Amino acid sequence: MLLGRDWVDVSIQNLSSRGLMAKTRADVTQRSYVEIRRGDHIVVGRVVWCRGGAFGLRSQDRIDITGMVGGARSGASSTASPEAMRTERRAGTRNDTPHPSARRADRSRLFARRLELVAIGAAGVSGCVAIAFIAARSLQAAFAPALTALGG
């Protein structure tokens, strides 16, 4: 397990599609991010609870339970150094399809921009109307003596 910048031993006790429970002798803190490797399988997640040496991890992506339990290895060596393991992490191609939460965030951002534009436009129109009323009253007050003198 990669904890901060150090590799430590970890024992996975329980595994699900979105998380796991594990034990380690390292000092794991709640809300920290860790990376757990088993062969070619990598689980990156946030620690959601810790008690004693045990902790619960919520993974960022779905966990390949069959691969993790079966220990399928397609070429990774268990004796590889941490530096070698770190360089191979992104060797595979990534799926360029945005995550549903990223699409949702983009839609929310677009909606917020449009709402902001409407609010700024409404404030601008309100300001122009207010200035027009003030100008009309000022002109009316300035020309009132002239209109009275002309009999109007």
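Remember, it's a predicted structure, so these values are computed and weren't measured experimentally.
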Mind listing the side-chain donor-acceptor pairs of residues 137-145 below 3.5 Å, one per line with the distance, residues two or more places apart or on another chain?
unit_1: Ser138; atom_1: OG; unit_2: Ile134; atom_2: O; d: 2.9

Going by chain and number, the hydrophobic cluster around Ile120 (ILVMFWY, side chain to side chain under 4.5 Å) further includes none
Nearest heavy-atom approach of Val69 to Arg38 is O-NH2, 4.2 Å
Interatomic distance, NE2@His41 vs CD1@Ile65, rounded to 0.5 Å, equals 12.0 Å
Side chain to side chain donor-acceptor pair (under 3.5 Å) pairs touching residues 109-122, sequence neighbours excluded, are Asp106-Arg109
Exercise. Taking everything shown except Asn14 itself, do over 12 heavy atoms lie less than 6.0 Å from its CG?
Worked result: yes
Excluding Trp49, membership of its hydrophobic cluster (Ile, Leu, Val, Met, Phe, Trp, Tyr; side-chain heavy atoms within less than 4.5 Å) reads Met21, Val48
message = Do Val34 and Val47 have side chains that approach each other closer than 4.5 Å (heavy atoms only, starting at C-beta)?
response = yes
message = Strictly distance-based, threshold 3.5 Å: is any side-chain N or O of Ser16 a donor or acceptor partner for the main-chain N or O of Gly19?
response = yes
Applying side-chain hydrogen bond (donor to acceptor under 3.5 Å, both in side chains) to Ser17 and not counting sequence neighbours gives none
Side chain to side chain, Asp9 and Thr24, heavy atoms closer than 4.5 Å: no
By side-chain contact (heavy atoms from CB on, under 4.5 Å), Gln30 pairs with (sequence neighbours left out) Cys50
So CD1 of Ile42 and CZ of Arg37: to nearest 0.5 Å the spacing works out to 4.0 Å
Separation between CG (Leu20) and CD1 (Ile36), nearest 0.5 Å, reads 4.5 Å
Cluster membership besides Phe111, Ile/Leu/Val/Met/Phe/Trp/Tyr side chains within less than 4.5 angstrom, sorted by chain and number, is Leu115
Margin query: Taking the side chain as everything from C-beta on, heavy atoms only, tell me whether Ile12 gets closer than 4.5 Å to Met68.
Written below: yes
_Quick check: is Tyr33 connected to Val43 through a chain of hydrophobic side chains (ILVMFWY, heavy atoms under 4.5 Å apart)?_
no
With a cut-off of 3.5 Å and sequence neighbours excluded, list every side-chain donor-acceptor pair involving residues 52-59.
unit_1: Ser59; atom_1: OG; unit_2: Arg18; atom_2: O; d: 3.1
unit_1: Ser59; atom_1: OG; unit_2: Asp61; atom_2: O; d: 2.6

